[in-house]
**Student:** 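Before I ask anything, let me first share the structure, which is written out below as structure tokens.
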Amino acid sequence: MKQPKVPLTPYRDLAYRVRQLKPILNVIKRQLRIIVYIYRISTKNVIKAIRAIFLQRSTIVVAIFAYLCEVVPNLLKNATKHLFELKAKGFLSEAWQIIIAPLQADRLPIFMIRLVATLNAMNPIFMKLLYPYVDGEYFLFTTTFLAGLVSSILNFPRFQELKIEEDKFYTFDWTCILVTKAIDTVISTTVSPHVSAHTNDLIDLLVILVSTYCVMTAWWFKPDKLSPQMVNWITKMTRIDPSVQKGVQELHEGTVSYTTQEASPEQDSFQSFAALRGKNSKLGDLTQHEKLPCEVLHEFTTHSCLKHTFDIFVSQFISSLRFYSYVNLFTFVFFRGFRGNMRKVCLKTIKSSLFVSSLTTIHWGCICFIRNHHPKWFGQKYWDILGIKIGSALAGLSVLFESAKKRQDLMLFVTPKALGTFFDAADSTKRRQLETAAFSFSFAILVAFARLSPARLRGVVGKGLSYMVM
């Protein structure tokens with residue numbers, strides 16, 4: 001006999017449904033626990049990754065250094081401008097714009113942070129990948145080199161695209177500096193230890209002479225090979241009127257000559273310069289002379305080449321002495337706290353002043369001597385141009401007034417500029433690709449040497465880079 005069905009009450013119906021859902025709830029609980037566990041692990045890993053990439057000493061130091069390099073000079077320039085103009089209006093707003101400007105994507109600090117942060121992120125990955133295959137002293141160099149190479153390839157093209165629109169020489173100059181420094185590091189590591197210190201000093205001097213020749217001849221004949229800032233700096237240093245420089249370019253290119261006069265007096269820089277100085281324009285007409293009077297090149301200050309050379313030396317020495325006195329005294333007071341030998345500071349100031357003043361003096365001395373005392377071979381144009389070229393080369397001998405250590409720093413300043421004169425700085429796809437490759441390989445070599453053996457990077461640039469990326 002069948003038992004009659006007992007109707008389920010609401011309470012019994014709910015309990016029955018809960019028992020049915022219990023296995024499903026247990027599965028959901030386990031899944032939630034797994035999700036929470038994974039979240040906690042991933043959060044810890046993300047925090048560790050952020051610390052490893054962005055909070056490493058190298059990333060912080062690079063960020064601070066690049067930021068200060070952008071901000072401090074502009075703040076000082078802005079403060080000096082308002083101080084001399086005796087104006088306080090607009091100072092705070094301009095200072096605030098200077099402070100926040102380096103935080104934009106197209107500025108150097110952000111690029112440097114990305115470059116070093118990517119380097120720090122890629123380095124452990126390459127270490128794990130290459131650990132079974134590379135060992136010994138080459139392991140750190142190889143992994144850092146590859147990390148630096150990948151970091152540059154990923155970050156440099158974007159920075160290049162942003163900067164090249166406003167200044168085609170910006171990334172180009174940086175690339176030349178890194179290439180020069182990388183070559184110097186490789187040579188000083190592999191070759192220099194096997195030769196004497198005297199030979200190394202001679203090699204440095206020879207490099208300076210060649211570099212000075214390349215830079216100065218480019219300034220005379222093809223100034224578009226140099227950045228506008230470099231052209232202006234040389235013009236101020238040599239104190240040569242742009243009209244004289246332009247006239248020499250016209251002579252070199254054949255626009256004006258001693259035989260025929262194709263250009264009009266207004267188009268002839270020498271003639272227009274003479275008229276501008278209140279002299280007879282025929283003094284600058286090459287067809288009227290067997291040799292252009294040195295008085296024109298002297299900017300009508302004197303007929304005597306010896307007096308002109310001596311006047312240049314004295315004026316350059318006085319202005320350089322004033323400049324280096326301020327710089328060295330500021331360093332002695334605020335950075336050294338009056339500690340050190342004041343006699344050495346004075347001697348250093350005199351040496352630096354002699355270096356700058358003798359550079360221009362040697363240059364002009366060679367120009368005037370060669371164009372006035374030469375064999376009766378070829379034409380006068382040949383000796384005019386040759387005098388400039390020889391003067392450009394021998395002007396580098398002025399570096400002998402500086403110490404060997406300072407000569408290394410000067411070499412690493414002028415050599416990148418000389419290297420840039422061999423390439424066309426005009427923007428093109430090929431130029432961008434070559435520049436990216438050169439920057440990437442050079443940066444990879446430098447950071448690899450900096451982390452393996454910082455002492456192998458010479459000069460102030462090398463020491464600074466070693467300190468930043470370690």
Side-chain angles (χ1 to χ4, degrees), residues 73 76-77 79-81 83-84 205 208-209 211-212 215-216 219-220 226 229-245 248 273 276-277 294-336 338 340-369 387-388 390-407 409-411 413-414 417 460:
L76 291 175
K77 189 184 297 182
T80 304
K81 184 188 75 171
L83 182 64
F84 280 109
L205 178 60
I208 290 174
L209 293 178
S211 300
T212 306
V215 172
M216 291 304 298
W219 180 82
W220 276 110
L226 301 171
Q229 296 84 356
M230 189 65 181
V231 171
N232 293 334
W233 182 80
I234 296 175
T235 302
K236 290 179 180 179
M237 182 188 69
T238 56
R239 298 185 179 184
I240 297 174
D241 192 283
S243 297
V244 175
Q245 179 196 16
V248 171
F273 177 66
L276 184 65
R277 291 301 179 96
C294 283
E295 180 188 5
V296 179
L297 299 179
H298 299 165
E299 301 177 21
F300 300 103
T301 56
T302 178
H303 293 274
S304 171
C305 294
L306 184 61
K307 185 178 184 304
H308 175 250
T309 305
F310 181 75
D311 290 343
I312 285 177
F313 174 81
V314 172
S315 61
Q316 283 272 23
F317 181 78
I318 292 173
S319 61
S320 300
L321 189 65
R322 187 183 301 115
F323 172 77
Y324 283 111
S325 296
Y326 292 148
V327 172
N328 292 332
L329 188 61
F330 181 84
T331 304
F332 182 76
V333 173
F334 293 99
F335 288 92
R336 296 184 179 179
F338 295 97
N341 192 332
M342 193 62 187
R343 179 176 172 275
K344 289 184 178 180
V345 175
C346 294
L347 190 61
K348 180 181 178 182
T349 302
I350 294 172
K351 283 184 175 182
S352 298
S353 303
L354 285 172
F355 158 65
V356 175
S357 55
S358 60
L359 188 147
T360 310
T361 303
I362 294 172
H363 192 197
W364 268 114
C366 290
I367 292 173
C368 288
F369 182 82
I388 291 174
I390 293 178
S392 299
L394 296 183
L397 291 173
S398 60
V399 80
L400 293 174
F401 283 108
E402 296 285 8
S403 63
K405 184 179 178 181
K406 189 68 176 292
R407 287 201 292 269
D409 294 328
L410 290 170
M411 180 186 70
F413 167 75
V414 70
K417 307 297 182 184
V460 175

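We're numbering straight along the sequence, starting at 1. Quick note: numbers below take in every heavy atom, side chains included, and nothing from hydrogens, waters or symmetry partners.
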**Student:** Is there side-chain contact between V215 and I234, with at least one heavy-atom pair below 4.5 Å?
**Tutor:** yes

**Student:** F313 and side-chain contact (heavy atoms from CB on, under 4.5 Å): which partner among I362, T360, L354?
**Tutor:** L354

**Student:** Could you tell me which residues satisfy salt bridge (charged side-chain N to carboxylate O under 4.0 Å, His left out) with R322, sequence neighbours excluded, listed by chain and number?
**Tutor:** none

**Student:** Can you find a heavy atom in the side chain of S358 that is under 4.5 Å from one in the side chain of F401?
**Tutor:** yes

**Student:** Would a 4.5 Å heavy-atom cut-off, applied to side chains only, mark T361 and F310 as touching?
**Tutor:** no

**Student:** Are T212 and I208 packed together at the side-chain level, in the sense that at least one heavy-atom pair is separated by less than 4.5 angstrom?
**Tutor:** yes

**Student:** Just wondering, are more than 12 heavy atoms of other shown residues or ligands nearer than 6.0 Å to CG in L306?
**Tutor:** no

**Student:** At their closest point, which heavy atom of E402 faces which heavy atom of R407, and how far apart are they?
**Tutor:** O-NH1, 2.8 Å

**Student:** For E295 and T302, which I'm curious about, is there any donor-acceptor pair between the side chains at under 3.5 Å?
**Tutor:** no

**Student:** Can you give me the closest heavy-atom contact between C366 and G391, atom names plus distance?
**Tutor:** CB-CA, 3.5 Å

**Student:** Under a 4.5 Å cut-off applied to non-hydrogen side-chain atoms, are W220 and I240 in contact?
**Tutor:** yes

**Student:** Rounded at 0.5 Å granularity, tell me how far OG1 in T309 sits from NE2 in H363.
**Tutor:** 11.5 Å

**Student:** Without hydrogens or angle criteria, can the side chains of T235 and W219 be said to hold a donor-acceptor pair below 3.5 Å?
**Tutor:** yes

**Student:** SG/C346 to OH/Y324 distance, rounded to the nearest 0.5 angstrom?
**Tutor:** 16.0 Å

**Student:** Apply side-chain contact (heavy atoms from CB on, under 4.5 Å) to F273 and E299, showing your working.
**Tutor:** CA-CA 9 Å; F273 177 66; E299 301 177 21; 3.8 Å; yes

**Student:** Please tell me if the side chains of F355 and L400 come closer than 4.5 Å, counting only heavy atoms from C-beta onward.
**Tutor:** no

**Student:** Side chains of W233 and L226, heavy atoms from C-beta outward: is any pair under 4.5 Å?
**Tutor:** no

**Student:** Name the orientation class of the two ring planes belonging to H298 and H308 (parallel below 30°, tilted from 30 to 60°, perpendicular beyond 60°).
**Tutor:** parallel

**Student:** Can you check side-chain contact (heavy atoms from CB on, under 4.5 Å) on L321 and Q316, steps first, answer last?
**Tutor:** CA-CA 8 Å; L321 189 65; Q316 283 272 23; over 6 Å; no

**Student:** Would you say the side chain of D311 lies within less than 4.5 Å of the side chain of T301, judging by non-hydrogen atoms?
**Tutor:** no

**Student:** Would you compute the distance between atom CG of L209 and atom OG of S392 and round it to the nearest 0.5 angstrom?
**Tutor:** 11.5 Å

**Student:** Could you state the interatomic distance from CG (L297) to CD1 (I388), rounded to the nearest 0.5 Å?
**Tutor:** 7.5 Å

**Student:** Report the distance from atom OG of S211 to atom CE of M216, rounding to the nearest 0.5 Å.
**Tutor:** 13.0 Å

**Student:** Please lay out, stage by stage, how V399 and L205 fare under the test side-chain contact (heavy atoms from CB on, under 4.5 Å).
**Tutor:** CA-CA 8 Å; V399 80; L205 178 60; 3.7 Å; yes

**Student:** Output the distance between atom OG1 (T349) and atom NZ (K351), rounded to the nearest 0.5 Å.
**Tutor:** 11.5 Å

